[in-house]
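All values reported here derive from a predicted model rather than from experimental measurement.
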Amino acid sequence: MKRYISWLKSSIVGNVNKLRDNAEYKDWCDYLVPVMSDGSSDTRLVEDILSSKPSRLFKLNHRHLNNMLKLMPVNRYGYHDIYSEKLLRKYLKAKAKKRRTPKQQSLIDRYEKLLTFLYDVFDYGLIKEEVAYNLSLLKGRNTCTYCNRQYTFTVGKVTEKGKIVSKVRPQFDHWFAHRQYPLLGLSFYNLIPSCSVCNSSVKGSAHYSLKTHIHPYTNPDSDPDFKFVPTLEYMDTLHASEWSVLLCRKRNSKEDKTITDLALDEIYEKHGPLEVKDIMDFEIKNNPTYLKTLFDKVCVDLGMKYTREDVFRMMFGVEADIEKTLDRPLSKLKRDVLEWLGIVV
């Protein structure tokens, strides 16, 4: 974490100092990075924002935006020292409208000015490829954090100047969308290693909240509270069927909202006729307990050399250890289906 802060801190201070000469932004600059009596920059607030975990990060965003709005003149509609999720949503809705009331336009003017300033200060462009490469290594994700379907390896290459930059790496999704939460644009725990499908095609800049969605870094080593369950779907009047998979979870839960918004029901349905079918066909075409018996026998035969987790990984190509789920694609899908069949490590 200290390395990540050191990579970005001076660049953020540089952005602040570029804007400090502008009288319109001076108070905000002095708030973010105060100048000490000896002329040095006080970077404690910036360091706190870069390193704080999700729940604290959200509170910091609320506190600092409130404090910065207080530095703006009061207007006739009372939008002075007010920042809240409710007003942020009103701002986003008002911004999408072609015709706005004077009150809506006033809210847009105040929020837009501050959010644009913070977007310029905490500019995602500061994460150059050398930083992105090292950040990817620091995150240590082999697969997409959201879907666990694709490998997201980090591969480096040496430039002509001798620097190592990324040749291949995961994309970084802003869990708190960058345009809506620009203060958090470079925060370590707001940058989620993901595949291009989840980052660009599915999630994009959708509004996520800690009250309604699962944050990957809130409980990073626990098994999400949902299960993959194989199911047969009948395709036509001739009773032809094919394997599919259900993502079973509690309705109206954080898991439900997250799975729905990431389109995981629809995406994983495509794995039914593939990986799920392979497992279920093997189970059906043999003795119903054959797969479990085979697994248990191999575990016994290799018990002196390999653990049950090792055998599970070698036989099925995925991780049994929950903490290693993101090391290999489709680990949770296959583990849940195999557990459903009674194969437990």
Side-chain angles (χ1 to χ4, degrees), residues 1-54 56-85 87-88 91-92 95 105-132 134-135 163 172 174-191 205:
M1 180 61 72
K2 289 182 179 179
R3 291 171 59 197
Y4 178 69
I5 292 173
S6 67
W7 295 333
L8 293 177
K9 183 172 63 176
S10 60
S11 297
I12 293 171
V13 171
N15 281 350
V16 170
N17 288 335
K18 288 177 185 177
L19 295 167
R20 203 185 296 270
D21 292 336
N22 187 327
E24 192 174 16
Y25 300 134
K26 186 178 185 307
D27 288 344
W28 288 342
C29 292
D30 290 344
Y31 177 83
L32 287 177
V33 184
V35 178
M36 309 291 281
S37 58
D38 62 358
S40 62
S41 298
D42 183 348
T43 60
R44 286 175 294 179
L45 187 151
V46 170
E47 292 176 22
D48 199 15
I49 291 169
L50 290 177
S51 62
S52 290
K53 292 187 177 181
R56 175 168 169 74
L57 201 57
F58 180 76
K59 293 175 183 176
L60 286 176
N61 181 74
H62 191 278
R63 180 202 308 167
H64 293 314
L65 264 70
N66 259 325
N67 289 341
M68 294 177 78
L69 282 170
K70 289 179 182 178
L71 300 173
M72 297 180 73
V74 182
N75 69 19
R76 59 179 292 198
Y77 297 105
Y79 295 136
H80 170 220
D81 58 352
I82 302 172
Y83 175 84
S84 68
E85 284 288 291
L87 279 177
L88 177 62
Y91 155 75
L92 294 172
K95 195 177 175 188
Q105 188 59 52
S106 177
L107 177 61
I108 289 173
D109 291 343
R110 296 181 72 76
Y111 271 47
E112 187 83 359
K113 182 178 179 181
L114 178 55
L115 295 180
T116 300
F117 166 79
L118 292 172
Y119 191 86
D120 291 340
V121 170
F122 295 90
D123 178 13
Y124 185 67
L126 295 178
I127 299 185
K128 307 298 184 184
E129 277 307 308
E130 184 179 8
V131 176
N134 285 286
L135 178 58
K163 294 182 178 180
F172 292 117
H174 289 84
W175 197 87
F176 293 108
H178 194 191
R179 283 290 181 185
Q180 300 166 24
Y181 299 90
L183 184 69
L184 315 181
L186 299 175
S187 300
F188 182 86
Y189 291 104
N190 193 39
L191 297 174
S205 59

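Note that NE2 of H62 and CD of E85 are 7.5 Å apart. Values are rounded to the nearest 0.5 Å. Between the CZ atom in F117 and the CG atom in L114 there is a gap of 8.0 Å [rounded to 0.5 Å]. E24 CD to M72 CE: the interatomic distance, rounded to the nearest 0.5 Å, is 8.5 Å. Put simply, CZ on R110 and CG on L87 are 11.0 Å apart, with the number rounded to the nearest 0.5 Å. L8 contributes atom CG, which lies 10.0 Å from atom OG of S187 (distance to the nearest 0.5 angstrom). Between E129 atom CD and L135 atom CG the span is 11.0 Å, to the nearest 0.5 Å.
Salt-bridge annotation for K95 and E112: present, with a side-chain N of the basic residue lying under 4.0 Å from a carboxylate O of the acidic one.
A side-chain N or O of R20 and one of N17 form a donor-acceptor pair less than 3.5 Å apart. Looking only at atom types and distance, the side chain of N134 has no donor-acceptor partner in the side chain of E130 under 3.5 Å away.
Put simply, the side chain of T43 never gets that close to the backbone of V46: no donor and acceptor are under 3.5 Å apart. A donor-acceptor pair under 3.5 Å is absent between the side-chain atoms of S52 and the main chain of I49, judged by distance alone. Side-chain atoms of W28 come within 3.5 Å of backbone N or O of M68 as a donor-acceptor pair.
Contact detail for G185 and L191: the closest heavy-atom pair is O-CD2, 3.8 Å. Closest approach of Y189 to S51, counting heavy atoms only: CE1-O, 3.4 Å. Closest heavy-atom contact between L71 and D27: CD1-O, 3.7 Å. A pairwise comparison of heavy atoms in F122 and H178 identifies O-NE2, 3.1 Å as the closest pair. The minimum heavy-atom distance linking S40 with D38 is given by the pair OG-OD1, 2.6 Å. In terms of heavy-atom proximity, L186 sits nearest to D123 at CD2-O, 3.6 Å.
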Subject >> Residues I127, Y4; criterion side chain to side chain contact (heavy atoms under 4.5 Å, CB included); working and verdict >> reply: CA-CA 10 Å; I127 299 185; Y4 178 69; 4.1 Å; yes
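Residues V121 and I12 have side chains in contact (heavy-atom distance under 4.5 Å, counting atoms from C-beta outward). Side-chain contact check for Y31 versus L45: some heavy-atom pair is nearer than 4.5 Å. Side chains of L184 and W175 form no contact here, defined as non-hydrogen atoms less than 4.5 Å apart. When side chains are defined from C-beta on, Y83 does not count as touching K70, because their heavy atoms never get closer than 4.5 Å. Contact check for D120 versus N15: no side-chain heavy atoms found under the 4.5 Å cut-off. Within the 4.5 Å cutoff, the side chain of L183 has no heavy atoms near those of the F176 side chain. Residues L115 and Y91 form a side-chain contact, since some pair of their non-hydrogen atoms from C-beta on lies under 4.5 Å apart. Considering only heavy atoms from C-beta on, Y181 stays 4.5 Å or farther from L65 through its side chain.
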